[in-house]
There are 2 protein chains.
Amino acid sequence: MLTIGSLGKKTGTKVQTVRYYEQIGLMPEPGRTEGGQRRYGDAEVDRLSFIRHARQLGFPLEAIRELLDLSDNPDRSCHEADSIARRQLKQVELRMDRLKALRTELKRMIHECSGGNTADCKVLEVLRDHSECLTDHDAIGA
Amino acid sequence: MLTIGSLGKKTGTKVQTVRYYEQIGLMPEPGRTEGGQRRYGDAEVDRLSFIRHARQLGFPLEAIRELLDLSDNPDRSCHEADSIARRQLKQVELRMDRLKALRTELKRMIHECSGGNTADCKVLEVLRDHSECLTDHDAIGA
DNA sequence: CTAAATGTTCTAGCTGCTAGAGGTTCAAGT
DNA sequence: ACTTGAACCTCTAGCAGCTAGAACATTTAG
């Protein structure tokens with residue numbers, strides 16, 4: 001039986017995060033000692049590892065909830081898990097495209113910076129000049 | 001003189017966001033009508049455009065605050081603005097590297113998904129298998 | 001002069017944690 | 001058996017950067 005601290009160490013998760021996962025129902029309520037402390041077994045180690053691994057791949061918690069659900073029901077179709085993963089891949093590729101565009105413009109503005117005073121700073125000039133903007137809608141959340 | 005709504009439309013900003021920027025001191029407190037509604041002039045349009053453009057390039061609000069400050073003082077050195085932009089470029093490149101790694105692993109797990117039931121789903125299997133993990137520390141925030 | 005559109009403030013919510021206060025329990029050493 | 005100190009407990013609030021809603025006031029066009 002593991003304490004929450006050792007569970008955290010085993011899975012690379014902060015204690016607070018484990019409790020947070022419990023709070024939002026991603027992790028089950030574990031058994032407790034007489035004094036009220038949480039104790040975990042192997043199943044919880046596996047589940048938390050699964051969650052952390054999925055997080056490292058950028059899956060949002062809601063997607064992980066679905067994946068865990070699928071994982072708990074071995075008789076359901078694999079297609080759902082597959083489509084969740086494909087959705088995530090799309091997200092990643094979208095973000096990459098955005099970042100690529102950002103990098104290009106950032107490089108351009110830095111490249112052109114000559115190094116005088118801010119009156120004729122290219123960086124600021126680019127930001128001021130609305131004409132060469134990226135497409136309107138949010139490149140922001142990239 | 002523009003209402004907050006028209007300012008928003010001109011700059012592609014939601015009304016609430018304009019007020020939020022005012023609240024955190026990025027936008028100045030504007031003049032008001034007798035009835036208490038905000039009215040904006042050209043200077044505010046420029047300033048908000050600057051902010052939005054910088055946001056589209058992914059600059060965090062604190063960096064934008066510095067950039068605005070530099071922009072307001074034309075006699076200060078351009079180096080500061082330049083280094084803020086370089087910092088941002090580094091961030092972007094870091095995130096791109098992370099996303100590249102994620103994409104690789106996501107592609108791998110999708111590629112191997114055969115399409116039976118979840119009992120032998122490759123997607124879930126990869127997530128369960130802790131051994132082939134990415135390097136521990138946060139690939140998450142990518 | 002009325003009605004609709006837009007404005008106002010205030011509060012709470014989103015994601016995914018993280019940190020702190022203030023208190024309790026556990027395990028090891030003496 | 002007793003003490004100490006690390007690790008646990010709950011609860012609340014905070015981070016970024018908005019976004020949405022309630023409940024009300026103002027503005028403007030017909």
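Labels below follow one simple rule: chain letters A, B, ... track the order of the sequence lines, proteins then strands, and each chain is numbered from 1.
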> Are Tyr21(B) and Arg52(B) close enough that a side-chain donor and a side-chain acceptor fall under 3.5 Å?
yes
> Does any non-hydrogen side-chain atom of Leu67(A) lie less than 4.5 Å from one of Leu124(B)?
yes
> May I have the distance from Arg95(B) (atom CZ) to dA16(D) (atom P), rounded to whole angstrom?
15 Å
> Mind grabbing the angle between the end helix axes of the helix from dC1(C)-dG30(D) to dT30(C)-dA1(D)? Five pairs an end, 10° rounding.
10°
> Look at all strands and tell whether Ile4(A) reaches a base, only sugar-phosphate, or nothing, counting heavy atoms closer than 4.0 Å.
sugar-phosphate
> Rounded off to whole Å, could you give me the CD-to-P distance for the Glu22(A) and dC17(C) pair?
15 Å
> In terms of side-chain heavy atoms of Arg32(A), which of dT18(C), dC9(D), dT9(C) is nearest?
dC9(D)
> Report the distance from atom CD of Gln23(A) to atom P of dC17(C), rounded to the nearest whole Å.
13 Å
> Rounded to whole angstroms, how far apart are CG on Leu48(A) and C1' on dC17(C)?
14 Å
> Starting from P on dC9(D), measure out to CD on Glu29(A) and report it in whole angstrom.
13 Å
> Do Lys90(B) and Arg87(B) have side-chain heavy atoms sitting under 4.5 Å apart?
no
> Can a salt bridge be assigned to the pair Asp82(B) and Arg86(B) using a cut-off of 4.0 Å between side-chain N and carboxylate O?
yes
> Counting only side-chain nitrogens and oxygens, does Thr3(B) get under 4.0 Å of the OP1 or OP2 atom of dG7(C)?
yes
> What do the steps show when you test Leu48(B) against Tyr40(B) for side chain to side chain contact (heavy atoms under 4.5 Å, CB included), and what is the final call?
CA-CA 11 Å; Leu48(B) 187 49; Tyr40(B) 296 93; over 6 Å; no
> So which one's nearest nucleotide on DNA chain D is more toward 5', Ser6(A) or Glu62(B)?
Ser6(A)
> Measuring only between side-chain heavy atoms, which start at C-beta, is Leu89(B) closer than 4.5 Å to Met109(A)?
no
> Look only at the side chain of Gln88(B) and the backbone of Leu57(B), and say whether a donor-acceptor pair between them is shorter than 3.5 Å.
yes
> In terms of the nearest nucleotide of DNA chain C, which residue is placed more toward the 5' end: Thr17(A) or Gly5(B)?
Gly5(B)
> Return no unless some side-chain N or O of Arg38(B) is found under 4.0 Å from OP1 or OP2 of dT8(C).
yes
> Whole Å only: how far is the CG atom of Leu26(A) from the P atom of dT15(C)?
12 Å
> Can you check nucleotides 20-27 of chain D for protein contacts, nitrogen or oxygen pairs under 3.5 Å, and list what you find?
from, atom 1, to, atom 2, distance (Å)
dA20(D), N7, Gln16(B), NE2, 3.4
dG21(D), O6, Gln16(B), NE2, 3.1
dT27(D), OP1, Thr33(B), OG1, 2.9
dT27(D), OP1, Gly35(B), N, 3.1

> Show every salt bridge (Lys or Arg N to Asp or Glu O under 4.0 Å) that has at least one partner inside residues 37-46 of chain B, sequence neighbours left out.
Glu22(B)-Arg38(B)
> Thinking salt bridges, do Lys122(A) and Glu125(A) make one under a 4.0 Å N-O criterion?
yes
> Taking only side-chain nitrogens and oxygens of Tyr21(A), does any of them come within less than 4.0 Å of OP1 or OP2 of dC17(C)?
yes
> To the nearest Å, give me how far apart CD1 (Ile64(A)) and P (dC17(C)) are.
8 Å
> How close or far is atom P of dT19(D) from atom CG of Leu61(B), stated in whole angstroms?
12 Å
> Answer yes or no: is there a side-chain heavy-atom contact under 4.5 Å between Val126(A) and Glu105(A)?
yes
